[in-house]
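See below for the structure under consideration.
Note that the structure is predicted; figures quoted are calculated from it, not measured.
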Amino acid sequence: MNPVIEDEHYAVGGNRHSAAADWSLASGLLAFGADQNVALWSPLNDSGRGISALLSGHNSKITTVKFISLHDGSDELLVTGAADGNIWLWEHGSTWTRAHNAAAHQGSVNAIAVLKNSNIFATGGADSRVRLWKVQDGKLEALSTLELKPKFMPLALALGPFSATSIDSAFLVVGGTRNDIQVYSIEYLPSTPQVKLCATLTGHEAWVRSLALTAAADGEYFLASAAQDKYVRLWRFQPGDATSATVGPPVDSTRGATVTDTLTAKVQSVSAADSKYSITFEALLLGHEDWVYSAAWSPDESSQRLLTASADGSLSVWESDPASGIWVSVSRLGEISGQKGATTATGSSGGFWTGLWSPDGSMVTSLGRTGSWRLWQYNTDSQFWTQKHGISGHISSVNGICWSPDGGYLLSTSSDQTTRLHAEWKRGAKRTWHEFARPQIHGYDLNCITSTTPHQFSSGADEKLLRVFNEPRDIALMLHRLCHIPLPAEDKALPDTAAIPVLGLSNKAMDDAKDTQDGDAAEELGTDLTDDGLGASLPNVQEPPHEDLLSRHTLWPEHEKLYGHGYEISEAATPVDGRVLATACKASSIDHAVIRLYDTDRWNEIKPPLPAHSLTVTRLAFSDQPKGFLLSVGRDRQFAVFQNSDSDSKSWTRVAINAKAHSRMILDGTWLCNARRPTFATAGRDKVVRIWSGGLKDERLEFVCKISIARKVPVTAISAVVSGDAIILASGEDDGTVSLHLVKCTDEIELVKSVDIDKHLCPSKTINRLAWRPTQDTTEGSDRGHLAIASSDSSVRIWSINWRTWVES
């Protein structure tokens, strides 16, 4: 019998592609690309949970996501495209599963458009082609390929039917790396489509990034086109001949006057068989100050509203004034341009990449540059948009994780140069995990992290020093209020808050949060530019902080910088009591491959450093025995064990070394804590986990390999936890596989059994770290533990594992 595993928490950021997300009108499920996985989120679910699943299958970053609702009312489908040109079809049964895939393009899939209530969709790729597809019996069937002329890359597509009762003919709108928009007619769907260019819509002065089509009254359509020229253009599709179409002068949305000369309405048409639409320019929407990445029409048919997302860091909701017909921005959400920093013209990737409506039109969500989703809900009583907590996560490889010593929260650090704090929001019987703080926003990729106390941690990055951070009082009060995490002792003073100075990398402690922001709280947009809720202090918030609070008001002040290493920091570790900090750096010689120790009381280096390795030390691990041991493993294929020879942590002596422990580099090591004699495990690139037990030989401590566990791929991470009189050893591998191994440590070391965890729960890339939660769940007699997983697929996962039945079976 296998252990029962519940995936309690997923934290991962969204891919910065405007087409890589879709909100289903049928199920209310929001799907978005997260590295090479598909993340599923139900924003309307009252449980408060964030991501419910990560679907793996693609081998490169996902660039497009689209739901398909079939006309026969069967379960909806999901189509995703990736940077390698492949598309996947997903079906929904008890879970979402891969149904079929196809090679769609020679290059990235940039856009997907679905013909409403049908099994027909189109894809646009970096190979300057648009392809039509049909879903038949759970498989993808290619119908035709359109070569775009003049050659350009399609970035946005829209599909609309000529008839509401038939899908025999349709029109296709294509925008991309040209200033104009092409409109095609498609006949003889879905058998042998004939595609013909019918119209070219001009007016934009830069690439077209998004197209949105919606049905209007009397069989008409509105098409919104968003472009890098900072403008959004509206086009009206009217049934009938071009000569019979009612053509009025287009309107400038900012001045309310008719647009003359260069914006004169020109009537064009698109036709298929006996059906025809005339196309006229309707309005020009001005208001954004940077590229407009996406446009989306509200699914609420009672009002014609358009949502636009821009690189200027704002969302705009546009409506047509009933009296004048002028399109105006009725709501503006997000951040004003003065707060977002550099624009796209100077290379910034800031702002919002996409904006989506909820199925009932009462909520909107947007994806920002940090990979986090913001969520706003419209309050009909106050007629304002109120920001709610969304979801967030890393957008690059997660390199390090560690639990606080009391198990209250989890810290993760990543190549996206941020450190994030994850904790469990407790309200009655409801328990959900969220990001509660972003203690560190750095200028270097972060490699490792370790907690010295429940209110302090140290991290190492691609720089030669380590940084130590203290928890500010506001964060401690918020975690105590929402997560029931104990406050520090009364005699322990905590700083008030922190801020990053201009052109600085250090979080400076500040006495007053208002002094650190220079009034930016009033300038940040959360609720129609008027009230974003930032006036409330963190200790008084009633729910996990949203992205604006996380990115600006949850920094931890820097306490110390630790010098001594000559190259980028590779590893850091502390014992349970946090009395000493051990660190290592990247090294190619014995001079730099030393282990440096720091006294965490005065933060002085304990000299001399400990020599043992000739190449980079990849992992350090302390035991919890009275006379503590320190294990180090490295790229030189050897391990070394050091012992603390006195009670003040100032003297460490090497007591064992094995120069040929593995046949290839060793990537991780961990102590097996309830063994009768010193015992640890190592894992390496040679696809083996070895368990070593220590004993005296000629009055010297010698470690002998007792068990070798062979795996199919290199083992990159291991972690052990005590369960009664047994130890559960978790191992993570280069392909994302996670396995559990039950080890009995009595007089002899015995491997009782092993099990591989279901692949759909595991990451899709290399596992970088595993960490068992040090809580009461790991004490003798418990039947459940929490395992945190950090992966190169940008995800942090927390599993709740009920191992009692597995251990006893």
Side-chain angles (χ1 to χ4, degrees), residues 156 158 160 171 173-175 179-183 199-240 242 245-270 277-310 312 314-333 355 357 361 364:
F171 59 88
V173 187
V174 184
N179 297 353
D180 51 27
I181 301 169
Q182 295 182 348
V183 184
T200 300
L201 311 181
T202 59
H204 280 297
E205 299 174 353
W207 293 0
V208 177
R209 301 301 299 243
S210 180
L211 295 169
L213 190 69
T214 186
D218 302 324
E220 296 182 351
Y221 286 97
F222 276 120
L223 174 71
S225 58
Q228 292 178 186
D229 58 8
K230 309 177 186 179
Y231 304 139
V232 179
R233 288 174 171 262
L234 300 185
W235 313 84
R236 183 190 295 268
F237 285 60
Q238 294 175 276
T246 302
V247 181
V251 176
D252 183 327
S253 66
T254 60
R255 296 188 294 268
T258 57
V259 182
T260 59
D261 298 333
T262 59
L263 299 180
T264 302
K266 177 184 177 181
V267 181
Q268 299 187 71
S269 64
V270 55
Y277 277 102
S278 59
I279 309 171
T280 56
F281 175 59
E282 176 73 9
L284 178 67
L285 311 186
L286 297 86
H288 286 297
E289 301 172 0
D290 211 329
W291 296 3
V292 185
Y293 278 123
S294 78
W297 292 99
S298 171
D300 183 5
E301 297 180 355
S302 62
S303 61
Q304 208 82 40
R305 293 182 296 170
L306 180 69
L307 177 69
T308 57
S310 169
D312 63 10
S314 70
L315 292 177
S316 284
V317 179
W318 307 82
E319 288 184 3
S320 175
D321 181 67
S324 64
I326 298 174
W327 285 82
V328 294
S329 176
V330 296
S331 297
R332 187 173 169 92
L333 312 170
W357 291 94
V364 296

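- To the nearest 0.5 Å, atoms OH (Tyr293) and CD (Gln228) are separated by 7.0 Å.
- Trp318 and Leu286 make their closest contact through CH2-O, 3.4 Å (heavy atoms, listed as atom of the first residue, atom of the second, distance).
- Taking Trp297 as the reference, Trp327 meet the ring pair (Phe, Tyr, Trp, His ring centres under 6.0 Å) condition, with sequence neighbours excluded.
- The two atoms that bring Gly355 and Leu307 nearest to each other are C-CD2, 3.6 Å, heavy atoms only.
- When every heavy atom of Gly287 is checked against every heavy atom of Arg332, the shortest pair comes out as O-NH1, 3.7 Å.
- Here the straight-line distance linking atom CD of Gln238 with atom OH of Tyr277 works out to 10.5 Å at 0.5 Å rounding.
- To the nearest 0.5 Å, atoms OG (Ser225) and CZ (Arg209) are separated by 13.5 Å.
- One N or O on the side chain of Asp229 and one on the backbone of Tyr231 form a donor-acceptor pair closer than 3.5 Å.
- Side-chain contact check for Ser278 versus Gln268: every heavy-atom pair is 4.5 Å or farther apart.
- At a threshold of 4.5 Å between non-hydrogen side-chain atoms, the residues Leu285 and Thr308 do not count as touching.
- Checked by atom type and distance alone, the side chain of Arg305 pairs as donor or acceptor with a backbone atom of Gly361 at under 3.5 Å.
- Relative ring orientation between Phe171 and Tyr221 is described as perpendicular, the plane-to-plane angle rising above 60° on a 0-90° scale split at 30° and 60°.
- Considering every non-hydrogen atom in both Ala158 and Leu211, the closest pair reads CB-CB, 4.2 Å.
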Next on the checklist: Does Asp312 form a side chain to side chain donor-acceptor pair (under 3.5 Å) with Ser314? I'd like the steps, not just the answer.
Outcome noted: CA-CA 6 Å; Asp312 63 10; Ser314 70; 2.7 Å; yes

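- Heavy-atom minimum distance, Ala224 versus Ala295: CB-CB, 4.4 Å.
- Note: Leu213 CG to Trp235 CH2 = 13.5 Å, rounded to the nearest 0.5 Å.
- Here the straight-line distance linking atom CD of Gln304 with atom CZ of Phe222 works out to 6.0 Å at 0.5 Å rounding.
- What you find for Asp290 and Ser310 is that their closest heavy atoms are O-OG, 3.3 Å.
- Here the NE2 atom belonging to His288 is positioned 7.5 Å from the CG atom belonging to Leu315, to the nearest 0.5 angstrom.
- Screening Leu234, Thr214, Ile279, Leu201 against Leu223 for a side-chain contact (heavy atoms from CB on, under 4.5 Å) leaves a single residue, Leu201.
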